[in-house]
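By convention here, the first residue in the shown sequence is residue 1.
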Amino acid sequence: MLEVITNMQKIPYLKNRFLTATLSIDGYRSESPVIVRRGDKSYIVARHLDRGNMEEYRKMGLLPYDSEPVYYRPYFAFVPITPPAHGTFDEAFEYVAGDDRNMKIHRDMPIQLYEMFDRKFDISMEDEIPVPLKYLYKLDRKTVIEKFAEGRDIAVEIAGELLKSSRDREELLEMMETAEDDRFELLDRLMEEEKIDWMLFTTCLGVQEVTGFGMDNFSDEEAAALYRRGSDTVYFMSAKVHDGFGTEEILYEPAEYVKELIGNDAVGIEEQHFSYGWYKAFGMDQKKWKKAQALARNFRLYRGDFNLPYYVITSRTGAFSIEKAMEWAKKQVMEGNPVTEKEVGFKQEQLAAEFAKENKIPFALSKYWTGLHASDRSVTPSYAFEHVITKESKALKFDAGLLLKDNSGILRAASDIARTICFEECGDIFYEIADKVMLEMVEGAKPGITGEDIFKATMGRIEDFRDELEAVGMIPTEKVEEAFKRDVGHGLSLHEPGTFWFERGAEMKTKTGMVCAHEIQWSTRGFSIGTEDNFVIGKNKGLNMCRD
């Protein structure tokens, strides 16, 4: 008998200890490491991206049940990374399961994983727990729009000041000042395209975006929102009474209420989060339901221009604090003063707080995730540990994001910015070239081009520098476009993972108003190097929010 333990049941701390789970605000249940118990043996199945974290936690004795790590989806580097990883989650899980076809699961398992397991295993589940929702609020679309407008004029003013030296200032200001909040019109169009009549939002972020009720005000499994395409009403259901939010109606059978509203219509769910327990309670096995996580993410991605002032504030704070922390770290190392990865992280947090204070930013800025690691400790992304950085470390990469929430607890923006310091000349040569290419690609990101277009243009420009890079051994012998097996950026849908990637085969096209991140990540010769900026697709080009 296999027992599969997903994030919230017995191991809630995993969400905050691994990058993949932290990055996926609306899908962490599917991205978190999975614990599998098989007899007296335990495994932890995780993305190869989290190898650096996993190794440190194993040394510290923090892995549950003394689990053996099993990795999937190999992280890209030009040289093999050991231990190796299985190609997919399915492959990794088959290795763990062996011949055992009996599986016990828990009610919090996301429906995306349940569907995968249901095809191959004989599944049993613990006793179902009733849906905890008890109170109902009926919200008018107009009221929701008004809620999101609160405080935005202040954000525009602050962003304008932060951009006073930016060469893109006028275009960014025009976009911020003219953007309209068309969230419901957009949601209606996306639902119509997918033939979806209702959307049932259960992630904190999804609920927030259609109710105007900040995700800081409720916990997971304590709220849901239901919206019918073209309706003027949003149904907000909560486990708690929220004073000042409106007159509540007590629901004695919330699941039955939802079933009756939906009837025989098609309903979309956020499958990476929507739990099997709720799936059964709401009777989704008897409904026409569709996977709509991508729809929910595009619903946020396509409205980046409305949140643009908040993105500018977050990006400027992040870029300043990371760059200054890295300057401090390099000075310490070159002068022979011991400094650890964690100390560099603390320095960045201190600088971010000082920047917010100096620029009178009234919003809550918090650490979202931090990949901070010396190359001699890990070439895969990793949280900072008590690792001492020296000249022999080759490089220190700081790839991190901040979240910005307004005074109502509404998440308004996220950043994703990377900088690197190198301790050898060959590393500096590559980093300067990569940074130059990245800045060119940001400016060249005009509306109407595909993610693959951006990928190929990036690879082509790096190839243009082959002679310089071959001279210092920082480029593969084969053509870069063929050797490079990862993306060079992505959209920012209020958090990092989304639907839009700059990678081989990506057909989705850029649209004016999309907020994105362009990055070049390079691991070779013991170096892990990265550079990354945030930008928005303007009318005719990409507009960089991080630099002047």
**Q** Mind telling me whether Phe201 and Phe299 have parallel, tilted or perpendicular rings, with 30° and 60° as the class edges?
**A** tilted
**Q** Are Thr531 and Tyr431 close enough that some pair of their side-chain heavy atoms sits under 4.5 Å apart?
**A**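 Yes, close enough: below the 4.5 Å cut-off.
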**Q** So, Ser315 versus Asn534: side-chain donor-acceptor pair below 3.5 Å or not?
**A** yes
**Q** Given side-chain contact (heavy atoms from CB on, under 4.5 Å), test Cys422 with Lys394 step by step and report yes or no.
**A** CA-CA 6 Å; Cys422 300; Lys394 289 185 175 290; over 6 Å; no
**Q** Answer yes or no: are there more than 12 heavy-atom neighbours, outside Lys541 itself, under 6.0 Å from its atom NZ?
**A**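 Yes, NZ of Lys541 has more than 12 neighbouring heavy atoms, counting only those of other groups under 6.0 Å.
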**Q** Look only at the side chain of Lys485 and the backbone of Glu482, and say whether a donor-acceptor pair between them is shorter than 3.5 Å.
**A** yes
**Q** Which one of Glu56, Glu392, Glu386, Glu55 satisfies the salt bridge (charged side-chain N to carboxylate O under 4.0 Å, His left out) criterion with Arg377?
**A**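 Of the listed residues Glu56, Glu392, Glu386, Glu55, the salt bridge (charged side-chain N to carboxylate O under 4.0 Å, His left out) partner of Arg377 is Glu56.
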**Q** Tell me, do Asp464 and Arg461 make a side-chain contact under 4.5 Å, heavy atoms counted?
**A**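 Counting from C-beta outward, Asp464 and Arg461 do come under 4.5 Å.
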**Q** Describe, in one word, how the ring planes of Tyr72 and Phe89 are oriented to each other, choosing from parallel (under 30°), tilted (30 to 60°) and perpendicular (over 60°).
**A** perpendicular
**Q** Around atom CZ of Arg58, are there more than 12 heavy atoms of other residues, nucleotides or ligands at under 6.0 Å?
**A**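 Result for CZ/Arg58: open.
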**Q** Would you sort out whether Ile537 and Lys446 count as a side-chain contact (heavy atoms from CB on, under 4.5 Å), showing the intermediate values?
**A** CA-CA 6 Å; Ile537 309 294; Lys446 61 184 180 181; 6.0 Å; no
**Q** So do Lys367 and Glu349 actually touch side chain to side chain, heavy atoms under 4.5 Å?
**A**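 Heavy-atom side-chain distance check passes, below 4.5 Å.
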**Q** For the pair Asn217 (side chain) and Gly214 (backbone), establish whether a donor and an acceptor sit closer than 3.5 Å, ignoring hydrogens and angles.
**A** yes
**Q** Does atom CD of Glu478 have more than 12 heavy-atom neighbours from other groups under 6.0 Å away?
**A**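 Above 12, so yes.
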**Q** Give a yes or no answer on whether the side chain of Asn359 reaches the backbone of Ile361 with a donor-acceptor pair at less than 3.5 Å.
**A**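 Here the side-chain-to-backbone pair does not exist.
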**Q** Would Ser393 and Asp376 count as having a side-chain donor-acceptor pair, cut-off 3.5 Å?
**A** yes
**Q** Hey, are Thr458 and His518 close enough side-chain-wise for a donor-acceptor pair under 3.5 Å?
**A** yes
**Q** Could you tell me if the side chain of Thr450 sits less than 4.5 Å from the side chain of Thr510, heavy atoms only?
**A**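 Heavy-atom side-chain distance check fails, nothing below 4.5 Å.
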**Q** Check whether any side-chain heavy atom of Thr512 lies under 4.5 Å from a side-chain heavy atom of Asp305, and answer yes or no.
**A**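 With C-beta onward as the side chain, the pair stays apart.
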**Q** Under a 3.5 Å cutoff, is there a donor and acceptor pairing between the side chains of Gln112 and Lys291?
**A**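 No, Lys291 and Gln112 have no side-chain donor paired with an acceptor closer than 3.5 Å.
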**Q** Counting heavy atoms not belonging to Glu180, are there more than 12 under 6.0 Å from its CD?
**A** no
**Q** Is a side-chain N or O of Gln293 found less than 3.5 angstrom from the main chain of Asp26, in a donor-acceptor match?
**A**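 Yes; judged by distance alone, with no hydrogens or angles, the pair exists.
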**Q** Taking all non-hydrogen atoms of both residues, which atom of Arg525 and which atom of Gly473 are closest, and how far apart?
**A**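 For Arg525 and Gly473, the tightest heavy-atom pair comes out as CD-O, 2.9 Å.
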**Q** Determine whether more than 12 heavy atoms belonging to other residues, nucleotides or ligands lie under 6.0 Å from atom CD of Glu157.
**A**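 Open: at most 12 neighbouring heavy atoms sit under 6.0 Å from CD of Glu157.
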**Q** Evaluate the criterion ring-ring contact (aromatic ring centres under 6.0 Å, His included) for residue pair Tyr57 and Phe385; output intermediate values, then yes/no.
**A** CA-CA 10 Å; Tyr57 295 142; Phe385 288 94; 5.7 Å; yes
**Q** Roughly how far apart are Trp328 CH2 and Ile421 CD1, rounded to 0.5 Å?
**A**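 Trp328 atom CH2 to Ile421 atom CD1 measures 10.0 Å (nearest 0.5 Å).
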**Q** Between Asp399 and His373, is any side-chain donor less than 3.5 angstrom from a side-chain acceptor?
**A**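 There is no such pair between these side chains.
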**Q** Which pair of non-hydrogen atoms, one from Tyr311 and one from Arg412, has the smallest distance, and what is that distance?
**A**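 Scanning both residues, the minimum pair turns out to be CE1-O, 4.1 Å.
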**Q** OG of Ser67 to CG of Leu62: how many Å apart, nearest 0.5 Å?
**A** 11.5 Å
**Q** Would you check if the side chain of Thr22 reaches a backbone N or O of Trp369 as a donor-acceptor pair within less than 3.5 Å?
**A** no
**Q** Under 3.5 Å, side chain of Arg419 to main-chain N/O of Phe398, donor-acceptor pair present?
**A** no
**Q** Of Lys147, Arg300, Arg303, which meets salt bridge (charged side-chain N to carboxylate O under 4.0 Å, His left out) against Glu209?
**A** Arg303
**Q** Check for a donor-acceptor pair, side chain of Ser493 on one end and backbone N or O of Arg297 on the other, with a separation under 3.5 Å.
**A** yes
**Q** Above 12 or not: heavy atoms from other molecules or residues under 6.0 Å from NZ of Lys330?
**A** yes
**Q** Mind checking the OG-CD spacing from Ser30 to Glu270? Nearest 0.5 Å is all I need.
**A**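 Going from OG on Ser30 over to CD on Glu270, the span is 11.5 Å.
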**Q** How many angstroms lie between CD1 in Ile449 and NZ in Lys511, if you round to the nearest 0.5 Å?
**A**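 One finds 13.5 Å between CD1 of Ile449 and NZ of Lys511.
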**Q** What about Trp522 and Phe430, are their ring centers closer than 6.0 Å?
**A**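 Ring-ring flag for Trp522/Phe430: true, centres closer than 6.0 Å.
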**Q** Can we say Glu327 and Lys324 salt-bridge, meaning some charged N sits less than 4.0 Å from an Asp/Glu carboxylate O?
**A** yes
**Q** Between Glu174 and Lys539, does at least one N-O distance fall below 4.0 Å, as a salt bridge requires?
**A**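 Result for this pair is yes, salt bridge flagged.
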**Q** Give the minimum heavy-atom separation between Gly87 and Glu91, together with the two atoms involved.
**A** N-OE1, 2.9 Å
**Q** Got a salt bridge between Glu335 and Lys331, using NZ or NE/NH1/NH2 to carboxylate O under 4.0 Å?
**A**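 Salt bridge: yes.
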**Q** The test is side-chain contact (heavy atoms from CB on, under 4.5 Å); show your working for Thr6 and Ser32 and say whether it passes.
**A** CA-CA 8 Å; Thr6 40; Ser32 294; over 6 Å; no
**Q** Which pair of heavy atoms, one from Thr380 and one from Ile81, lies closest together, and at what distance?
**A** CG2-CD1, 3.9 Å
**Q** Go through it in stages, so that I can follow the logic: the residues are Asp90 and Met116, the test is side-chain contact (heavy atoms from CB on, under 4.5 Å), and I'd like the CA-CA distance, side-chain angles, deciding distance and then a yes or no.
**A** CA-CA 8 Å; Asp90 250 348; Met116 184 186 304; 3.4 Å; yes
**Q** With a 4.5 Å heavy-atom cut-off, do Gln521 and Glu532 have their side chains touching?
**A**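 Side-chain contact under 4.5 Å: yes.
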**Q** With side chain to side chain contact (heavy atoms under 4.5 Å, CB included) as the test, pick out the partner of Met545 among Asp533, Leu308, Val442, Thr314.
**A**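 In the set Asp533, Leu308, Val442, Thr314, the residue that makes a side chain to side chain contact (heavy atoms under 4.5 Å, CB included) with Met545 is Leu308.
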**Q** Taking the six-membered ring where the residue is Trp, are the ring centres of Tyr75 and His48 under 6.0 Å apart?
**A**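 No.
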**Q** Rounded to the nearest 0.5 Å, what separation is found between the OG atom of Ser523 and the CZ atom of Phe78?
**A** 8.5 Å
**Q** Sequence neighbours excluded, which residues qualify as side chain to side chain contact (heavy atoms under 4.5 Å, CB included) partners of Glu463?
**A** Arg466, Lys479, Val480
**Q** How many angstroms lie between atom CZ of Phe93 and atom CG of Leu113, to the nearest 0.5 angstrom?
**A** 9.0 Å
**Q** For Val333, does its backbone N or O pair with a side-chain atom of Asn337 as donor and acceptor, under 3.5 Å?
**A**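 Not confirmed, Asn337 side chain does not pair with Val333 backbone.
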**Q** Taking atom types as modelled and ignoring hydrogens, do the side chains of Arg73 and Thr88 form a donor-acceptor contact shorter than 3.5 angstrom?
**A**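 Not at all, the side chains of Arg73 and Thr88 share no donor-acceptor pair under 3.5 Å.
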**Q** When you check the gap from the basic side-chain N to the acidic O, do Arg167 and Asp548 get nearer than 4.0 Å?
**A**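 No, this pair does not count.
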**Q** Can you tell me if Glu31 uses its side chain to pair, donor with acceptor, with the backbone of Thr20 under 3.5 Å?
**A**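 Side chain of Glu31 to backbone of Thr20: no pair is present.
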**Q** Please give me the minimum heavy-atom distance between Pro110 and Gln272, naming the atom from each residue.
**A** CB-O, 3.4 Å
**Q** Mind listing the closest non-hydrogen atom pair of Gly542 and Phe535 along with its distance?
**A**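 Heavy atoms only, the tightest pair is CA-CD1, 4.1 Å.
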